[in-house]
Amino acid sequence: MKNIIVKTELLCKSFISDGEINNVIKNLDLDIFEGDFTVIMGSSGSGKSTLLYTLSGMDNVITGKVYFEGEDITRLKEKDIAGLRKNKLGFVFQGINLIPNLNVYENILSPTYKTNKERRKIESKIEELLERMDLSAHRKKFPNQMSGGQKQKAAICRALINEPKILFADEPTGALNSSQGQNVLDIFTDINREKQSVVMVTHDLKAALRGNRIIYLKDGRIDGDLRLEDYDKEAANEREETVYKFLKEKGW
Ligand SMILES: Nc1ncnc2c1ncn2[C@@H]1O[C@H](COP(=O)(O)OP(=O)(O)O)[C@@H](O)[C@H]1O
Ligand SMILES: [Mg+2]
């Protein structure tokens with residue numbers, strides 16, 4: 001049995017706009033398992049990004065419960081949630097939001113400020129990440145001097161610098177061309193093989209294939225939950241058929 005890393009109970013999230021209430025997440029009970037590569041899919045506006053924000057404590061204006069490693073994070077003070085986010089959770093956002101006036105190296109380092117991690121350890125971690133993402137030679141570049149793929153890889157390094165327990169990614173390949181996208185997905189597959197838990201929102205079938213679990217969100221509820229073997233490039237065609245069939249049944 002795998003451990004549960006994130007759990008929700010009767011999670012609800014609503015927005016009010018123009019005096020109208022919009023219930024986006026509705027009484028959601030969800031367990032995310034440690035070591036899994038969980039993919040969240042669903043049509044545009046179905047609440048995928050909203051769910052990711054609530055799962056990761058970025059949005060705590062909710063009802064219901066969210067637990068991280070058994071701890072109820074909806075009861076934490078803002079300062080403690082911020083600490084949890086910084087030390088245990090990693091994020092790669094939709095679009096790439098590197099800090100424009102910091103170079104790659106400084107961008108990746110930025111989440112380590114005000115942590116009590118040893119400088120030497122941080123430096124060796126950043127070297128390992130730069131090497132792995134093929135960014136070593138680009139460390140002094142600013143975001144506007146790099147390609148979309150390089151920027152996304154820098155954003156992934158930044159998300160991983162504090163060695164999070166779980167990595168959340170919202171459409172990480174959305175802004176990339178197909179080969180850049182595959183490159184980024186290969187990185188996700190690799191880090192997941194090293195037991196890193198990943199939760200990724202995507203609307204891209206090729207990206208979804210990387211998961212070992214695909215959750216389909218519809219009108220704020222879970223409408224499908226597909227389990228797969230771990231990703232294997234050799235069996236990708238068969239996998240694509242299975243996932244495509246699942247998605248079509250869900251009205252994707
Ligand atoms: N900050 C917000 N304020 C008001 N409504 C929002 C906000 N964020 C999302 N929504 C609404 O919530 C619904 C789901 O949005 P979102 O989670 O972004 O969907 P998805 O990522 O699946 O495309 C949409 O109807 C959207 O308009
Ligand atoms: Mg979204």
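Counting starts at 1 for both ligands and their atoms, following the listed order. Please read these numbers as outputs of a predicted model, since none were measured by experiment.
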Ion pair present between Glu128 and Lys125, side-chain N to carboxylate O less than 4.0 angstrom?
yes

Heavy atom of Gly42, distance to ligand 1 below 4.0 Å:
no

Answer yes if a protein heavy atom lies under 4.0 Å from atom 14 (C) of ligand 1, otherwise answer no.
yes

Taking the six-membered ring of Phe15 as reference, does the cationic atom of Lys13 (NZ for Lys, CZ for Arg) lie under 6.0 Å from its centre and within 45° of its axis?
yes

Show me which atoms of ligand 1 lie under 4.0 Å from any heavy atom of Ser44.
23 (O)

Which segment of Asn22 sits under 4.0 Å of ligand 1 when only heavy atoms are counted
side chain

With 2.8 Å as the threshold, which protein atoms of type N, O or S lie near the Mg ion (ligand 2)? Leave waters out.
Ser49 OG

Below 4.5 Å, heavy atoms only, C-beta onward: do Leu28 and Leu10 meet side chain to side chain?
no

Considering only the protein, which heavy-atom contact is closest to atom 17 (O) of ligand 1, and what is its distance?
Thr50 OG1, 2.6 Å

Those atoms of ligand 1 less than 4.0 Å from some heavy atom in Ser43
22 (O)

Can you find a heavy atom in the side chain of Ser197 that is under 4.5 Å from one in the side chain of Lys165?
no

Nitrogen or oxygen atoms of Phe15 and ligand 1 under 3.5 Å apart
no

Heavy-atom count around Lys2 NZ within 6.0 Å, excluding the residue itself: above 12?
yes

Any carboxylate oxygen within less than 4.0 angstrom of a Lys/Arg side-chain nitrogen, looking at Asp219 and Lys26?
no

Might you point out which heavy atoms bring Ile122 and Ile161 nearest each other, and give the distance in Å?
O-CD1, 4.1 Å

Test: Glu127 and Arg139 ion pair at under 4.0 Å:
yes

Please name the pair of heavy atoms, one in Val92 and one in Ala155, separated by the smallest distance, quoted to 0.1 Å.
CG2-O, 4.3 Å

Strictly distance-based, threshold 3.5 Å: is any side-chain N or O of Glu106 a donor or acceptor partner for the main-chain N or O of Asn103?
yes

Sub-3.5 Å N/O-N/O distance, Val24 and ligand 1:
no

Thinking salt bridges, do Glu163 and Lys117 make one under a 4.0 Å N-O criterion?
no

Shortest protein contact, atom 23 (O) of ligand 1 (heavy atom only):
Gly45 N, 2.8 Å

Taking the minimum heavy-atom distance to atom 18 (O) of ligand 1, which of Ser49, Gly220, Ser17, Ser14 ranks first?
Ser49

